[in-house]
Amino acid sequence: EVPPPPAPPGLGPAVAAAAGLVGAGGAGGPGAGQLCCLREEGERCGRAAGNASFSKRIQKSISQKKVKIELDKSARHLYICDFHKNLIQSVRNRRKRKGSDDDGDSPVQDIDTPEVDLYQLQVNTLRRYKRHFKLQTRPGLNKAQLVEV
């Protein structure tokens, strides 16, 4: 266990502790020996507080997910342990970007992809298509050559 830091000059240890100067987290981060500020299933978490803090936004997002953690009203800080930080991050709603399937090529996409007659497209559109899909072409190709590539 880490001993508390010495009291500031001119103040006794009891006065400094009462003023919240010894072992207090303040704006600089959690103080030595501080515990997580959350309660889980009615009991205060006994893990050491990290540098992640609990906010009303986080409280709202986890309450929608039916997670049974809450802020302990007797805690004098908002710092949470790494366990609860990871729990909150894993529960948080992460939207996938459109087209970012993990399984790669899905048969549903193959069926839904329409056949396009590339001869119907304009030359500039064909060039943008090739550039978008990073297909190698040399400059100065005509429409028929671009379609073949």
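Counting from 1, the numbers follow the sequence of the chain as shown.
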Check the hydrophobic clustering (I, L, V, M, F, W, Y; side-chain heavy atoms under 4.5 Å; chains of links allowed) and say if [X] and [Y] are grouped together.
{"X": "Tyr119", "Y": "Tyr129", "result": "no"}
{"X": "Leu121", "Y": "Val123", "result": "yes"}
{"X": "Leu78", "Y": "Leu38", "result": "yes"}

Item to complete: For residues Ile88 and Phe54, determine if any side-chain heavy atom of one lies less than 4.5 Å from a side-chain heavy atom of the other.
Response: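 A side-chain contact exists here, since the closest heavy-atom pair is under 4.5 Å.
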
Which heavy atom in [X] sits nearest to a heavy atom in [Y], and how many Å separate them?
{"X": "Ser53", "Y": "Ile58", "result": "O-CD1, 3.7 Å"}
{"X": "Arg44", "Y": "Asp72", "result": "CD-OD2, 2.8 Å"}
{"X": "Gly50", "Y": "Tyr79", "result": "O-CB, 3.5 Å"}
{"X": "Ile69", "Y": "Glu40", "result": "CG2-CG, 3.7 Å"}
{"X": "Lys130", "Y": "Val147", "result": "NZ-O, 4.3 Å"}
{"X": "Cys36", "Y": "Cys81", "result": "SG-N, 3.4 Å"}

Would you check if the side chain of [X] reaches a backbone N or O of [Y] as a donor-acceptor pair within less than 3.5 Å?
{"X": "Lys85", "Y": "Ile80", "result": "no"}
{"X": "Glu148", "Y": "Gln145", "result": "no"}
{"X": "His84", "Y": "Arg39", "result": "no"}
{"X": "Lys143", "Y": "Leu118", "result": "no"}

Rounded to the nearest 0.5 Å, what separation is found between the [atom1] atom of [X] and the [atom2] atom of [Y]?
{"X": "Leu71", "Y": "Lys56", "atom1": "CG", "atom2": "NZ", "value": "10.5 Å"}
{"X": "Arg131", "Y": "Thr137", "atom1": "CZ", "atom2": "OG1", "value": "8.5 Å"}
{"X": "Leu126", "Y": "Gln120", "atom1": "CG", "atom2": "CD", "value": "10.5 Å"}

